[in-house]
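Structure, as structure tokens:
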Amino acid sequence: MSELNIDASSNPLKPIEPKISRRSFVWAAGYMASVYGGVKWLSSRHQVDGIPWPLRKGLEFNEGFWGDAVNPDKPARTYSADRITATRLNETIGMVDDYDLASWKLSVEGVHGHDSPIELTIDDIKALPSFEMITEFCCIEGWSMIQRWKGVRLRDFMEKYPPSTVSGAAPDVQGKPADLVPYVGLTTPPTDDAPEGGYYVGLDMPSARHVQTMLCYEMNGEPLSVEHGAPLRLVIPVKYGIKNIKRIGRVIYTDRKPRDYWAEQGYDWFAGL
Amino acid sequence: MANTLYKKHPLAIRWFHWINFPVLFIMIWSGLLIYWANHVFTITLFGHTFFKFFPDTVFTPVAPSWWPEWLSSAGTDAAGHHVRHIWELDFRLAEGLYWHFFFAWLFTINGVLYATYLLLSGEWRQIVPRLIAFKEAIIVVLADLHLWKGKLPVRKYNAAQQIAYTSVVVMGALMVLTGVAIYKPAQQSWLTSLFFGYSTARFIHFWTTLGFLGFFLVHVGQVIRVGWNNFRGMITGYEIVTEEERSILEAQAGGSHV
């Protein structure tokens, strides 16, 4: 079909063919211009947390689409001990070097029936039922590791220290989760340079109530090391590594979407897996 | 023998084709920005690494002194000296993610509509290869290399095209499925398990991208080689053929699986 040599003088298509071509090529040129213009337009919109707003809307649309599918009672895959992989250390943002671990306390804000934050020691947390799991930790960069984690499930923690409710009624963490304030924020301990904590994450309530979301104090059978977030870090297999905050200083139950360190740098706030 | 116009590509096919072109480009580009945050894949056989994709100099090539300043950006080299870079591709993960997860919708919707159209219109009969096509494709390749001088049967798509165009549909589906497997490994864990876990799904996703790039190179090369009449067909819909070819092609279009 390709080896046709059209002799222009004897071509019976002459009157019709250029018309079809011209019309189609005008379309093609218009299309190409609009693709170029569309991409230019998208990337030049005013930015919301480092992203042109239509693309930020895109991330929020995805959050709604996949967030509705979060089932707090459906565990992420767990592994047998022989599948555990090498431990990788990536970030220590928000953990200052001269922090006095001995004086660590966990401040919990927005606890039902408490107007001011309550303070807990590590022994208060270890007094809650312990939970152990071997799960995969997925970094948003693309690497992953399988580790053994031990700690207290956030949902058990919330049973004991429940969030306030929207209706003002007594909280029922398992029975009436929709009435709880919709977010949990977590930050590193406040410092002189960062009075709100140098690293901070926000969680939606279904993810916070997920059956494997854990306040972790032991990793691979050893007490949590300083660089992995001693004395208490978050492990949340339904979120990317960026949400697994180390050295938690504050837990905040809130009805306002909490600030999130990496969401402010252009990442997805939801960051769900 | 008189020439005539043959309506080759329906309007829908042409739209699907040209929508996919920039979308696939954006998906591969943003995918690379994501991949580069953790670029680990190599071609390693028997313990010897033959090839590491993207050596570090690719990310921040230093501009030579004659390089125009407006085409470069200020940066620092490994020793901390001020240099100018031709481009900077590292540390653009967030950017890669928000473009990727925006255009993934367009890629998926366009792909699903295309596959649905092929099925409903019966166009699949022209594209899905029969078993004999795998034998015939060898003859097509030999003919393209001018090593076989016979005449190929008149058909909308030859055997090699059928295999290639069917493969990209399968690869597109594989991209979406491995993509979701990496994107939601906890929520859609059944899918991640289907691809033997998170790392394997990421590996397949990467290699299928290379498959798309390979297809793209061959496809564009062939379009250039075959020439204007054929290329114009994907824009106008029409191709100039002989009367005889047209009657064969039109009979095939309304007929059974070729």
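Convention: sequence-line order gives letters A, B, ...; per-chain numbering from 1. What's counted below: heavy atoms across the whole structure, side chains too, no hydrogens, waters or symmetry copies.
Between chain B and the residues A:Cys138, A:Pro52, A:Pro237, the most heavy-atom pairs under 4.5 angstrom are made by A:Cys138. In terms of non-hydrogen atom pairs under 4.5 Å with chain A, the most contact-rich of B:Ala37, B:Pro22, B:Gly197 is B:Ala37. For the set B:Trp99, B:Tyr238, B:Trp228, the entry with the most heavy-atom pairs within less than 4.5 Å of chain A is B:Trp99. Looking only at heavy-atom pairs under 4.5 Å with chain B, the residue among A:Ile51, A:Ile140, A:Val35, A:Val70 that has the most is A:Ile51. By number of non-hydrogen pairs under 4.5 angstrom with chain A, the leading residue of B:Phe102, B:Phe101, B:Tyr198 is B:Tyr198. By number of non-hydrogen pairs under 4.5 angstrom with chain B, the leading residue of A:Gly142, A:Ala28, A:Ala76, A:Gly58 is A:Gly142.
When ring centroids are compared, A:Phe65 and B:Trp105 come within the 6.0 Å threshold. Between A:Tyr31 and B:Trp15, the distance from one ring center to the other falls under 6.0 angstrom.
Minimum heavy-atom separation, B:Gln187 to A:Lys74: O-NZ, 2.6 Å. Minimum interatomic distance between A:Asn62 and B:Tyr183 (heavy atoms only, all atoms of both residues): CB-OH, 3.5 Å. Residues B:Thr236 and A:Ser21 approach most closely at CG2-CA, 3.7 Å, considering heavy atoms.
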Item to complete: List the steps, then state whether side-chain contact (heavy atoms from CB on, under 4.5 Å) holds for A:Phe25 with B:Arg232.
Response: CA-CA 9 Å; A:Phe25 277 91; B:Arg232 185 182 49 190; 3.8 Å; yes
Worksheet entry | Audit row: B:Tyr98, A:Asp268, side-chain contact (heavy atoms from CB on, under 4.5 Å) steps and yes/no | CA-CA 8 Å; B:Tyr98 60 70; A:Asp268 173 19; over 6 Å; no
Worksheet item: Between B:Lys184 and A:Leu273, is a side-chain contact (heavy atoms from CB on, under 4.5 Å) present by the stated rule, with each step listed?
Response: CA-CA 4 Å; B:Lys184 297 291 160 201; A:Leu273 286 169; 5.8 Å; no
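With rounding to the nearest 0.5 Å, the separation of CG in B:Leu93 from CD in A:Gln265 is 12.0 Å. Between the CD atom of A:Glu141 and the CD1 atom of B:Ile34 there is a distance of 12.5 Å, given to the nearest 0.5 Å. Note that the CD atom of A:Glu136 and the OG atom of B:Ser189 stand 11.5 Å from one another [nearest 0.5 Å]. Between atom CZ of residue B:Arg202 and atom CH2 of residue A:Trp143 there is a gap of 11.5 Å, rounded to the nearest 0.5 Å. The CD atom of B:Glu95 lies 9.0 Å from the OG atom of A:Ser43; values are rounded to the nearest 0.5 Å.
For chain B, the nearby parts of A:Ala69 are the backbone and the side chain; heavy atoms of each come within less than 4.5 Å. Both the backbone and the side chain of A:Val238 have a heavy atom closer than 4.5 Å to some heavy atom of chain B. Looking at B:Ile26, only its side chain comes within 4.5 Å of chain A, counting heavy atoms on both sides. The part of A:Leu59 that comes within reach of chain B is its side chain, from C-beta onward, which places non-hydrogen atoms under 4.5 angstrom from that chain. With a threshold of 4.5 angstrom between heavy atoms, A:Thr135 does not approach chain B through any atom at all. Residue contact with chain A, scored on non-hydrogen atoms closer than 4.5 Å, is absent for B:Val23.
Residue A:Trp27 places its CH2 atom among 12 or fewer non-hydrogen atoms of other residues, nucleotides or ligands, all under 6.0 Å distant. Heavy atoms of other residues, nucleotides or ligands lying less than 6.0 angstrom from NZ of A:Lys57 number 12 at most.
B:Phe25 is not listed as a side-chain neighbour of A:Val39, based on a closest heavy-atom distance of 4.5 Å or more.
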